[in-house]
Amino acid sequence: MADYRKMWEDLNMDVDTHDILCEVLPVAFGDVFLSQENRPESMDYFNMVVAEIHGIRPAELIEFQKKGGKVVGSFCIHVPDEVVVAAGAIATGLCSGSQFWVPGGEKVLPTSTCPLIKASLGARFDRTCPFFRIADLFVGETTCDGKKKAWEILAKDAPMYIMDIPQMKREKDFVKWKEEIKGYMAELEKLTGNKITEKSLKNAIVTLNNKRKALKRLNSFRKLDNVPISGRDVLLITQIAFYDDPVRFTAQVNRLCDELEERAKNNVSVFNKGTKRILLTGTPLSIPNWKIHQIVENIGGMIVCEEMCTGNRYSEHLVDENGNTIDEMVENLTRRYLGSINCACFTPNTERVEDIIRLVKEYNIDGVIDVNLKFCTLYDTEGTIVEKALKEAKIPVLGIETDYTDSDSEQLKTRIGAFIEMLS
Ligand code: BJ8
């Protein structure tokens, strides 16, 4: 990591404080990931990407900028990366998942804000994350109240663009979202100086669909009786999907899937027979938030599906590739980015409950854990609806609320342990 010090200084980062993060992250990574037995060898690429998380990719982005390229950071899976790629820019996710950044966020936000928002603003204002220094444009959305207000604060320090997401899915909401996407396209054309053409947009749709297809392929192995990869490894890969180069990432996921295919043929599993199969639903798990996966899999369960933005929701639905004109392609993006994502910001959001029940069947789930990030009113409130529906469908469910600290780890181990015990 020492090699990157100059790069971080040039980015005007607080390098001394950042050093503390560089010391703790490898230890946490070793505990959660490297301690696992019988990991697929093709995880080596993803290990390397995370080991150098603030080095390799930021250095690539800076190189790209030196050649005149632009980097666009976003916080939500409603924001279409295709548009960024079509404009010749690079898209990167910016949601932050570490307690390390939360106190910095609390300097500018109320304590009663969800940790994801606090950590994201903390990463920017404390100058301890290179991605937050590099981005030429920050793209926010109006999904929840906390984010809406946070963007106003972030805008004082960073160039921001806001997409106004409808809160319902009526036909007029699709019309509005299509206009929002067109507005975003115009903004990116202005930023990059590049025109989005039919060809560039089509290529971008195919590129990002290929990434989704690879992730779908990866998730399909988790439906098997003998699951050849741990839940925490798949979570890590999904988190990396948000910031890695999409073409290289896709190739690496497919390489891993080839290895998993061999494992599947030989009935190799990383879990003991009879291990209870858990589906996680709820708020996203941004990197490096690995807490729940570590707890569940260390106490004898296995996570085989995440009905989350850092899970199934990110990759399950492709963009229709049949459009040829810009308008047709934007229409297809609109349908996919509004219609297929069942975030708790929508009312009603019955499709999310239907998704969970469908996934319970597809992944042969024994129990569901509904995990809510503290102070997320949207998912907390919807949790009541989700849990009631699951109970009515006779699907065991446990609702938990947590944050990025370890202060509740022991309590969570007890509760999740009792839940998994009950499934037996
Ligand atoms: S599509 S889940 S990525 S908004 S946890 S910041 S909702 S208070 S992250 Fe999300 Fe897009 Fe929806 Fe997905 Fe607010 Fe809740 Fe915090 Fe949240």
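Keep in mind that this is a model prediction, so the values were computed, not measured. In listed order, ligands and their atoms are each counted from 1.
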Can you confirm whether or not the ring centre of H18 sits under 6.0 Å from the ring centre of W8? yes
Please confirm whether F138 and Y161 have ring centers closer than 6.0 angstrom. no
Please report which non-hydrogen protein atom sits nearest to [atom], along with the residue it belongs to and the distance in Å to one decimal place.
atom                     : result
atom 2 (S) of ligand 1   : Y379 OH, 3.1 Å
atom 4 (S) of ligand 1   : T143 OG1, 3.3 Å
atom 12 (Fe) of ligand 1 : C343 SG, 2.2 Å
atom 13 (Fe) of ligand 1 : C309 SG, 2.2 Å
atom 9 (S) of ligand 1   : P284 CG, 3.5 Å

Heavy atom under 4.0 Å from ligand 1: found in [X]'s side chain, backbone, both, or neither?
X    : value
T113 : neither
M308 : neither
A344 : neither
C114 : side chain

Per-atom contacts of ligand 1 with [X], taking only distances under 4.0 Å to non-hydrogen atoms:
X    : answer
H78  : 1 (S)
C76  : 1 (S), 3 (S), 4 (S), 11 (Fe)
T283 : 5 (S)

For the pair [X] and [Y], find out whether any cationic side-chain nitrogen is under 4.0 Å from an anionic carboxylate oxygen.
X    : Y    : result
R335 : E171 : yes
K70  : E189 : no
E392 : K388 : yes

Metal proximity, C144 vs atom 12 (Fe) of ligand 1, N/O/S cut-off 2.8 Å: no
Going by the closest heavy atom to atom 8 (S) of ligand 1, which one wins out of C376, G146, S74? C376
Does K291 count as lying over the ring of Y404, i.e. NZ or CZ under 6.0 Å from the six-ring centre, within 45 degrees of the axis? no
Does the plane of the ring in W177 sit parallel, tilted or perpendicular to the ring in H78? Use 30° and 60° as the thresholds. perpendicular
Could you tell me which non-hydrogen atom of G122 sits nearest to which non-hydrogen atom of T128, and how far apart they are? O-OG1, 4.4 Å
Polar side-chain atom of E307 near backbone of N312 as donor-acceptor pair, under 3.5 Å: no
Under-4.0 Å heavy-atom contact between protein and atom 16 (Fe) of ligand 1: yes
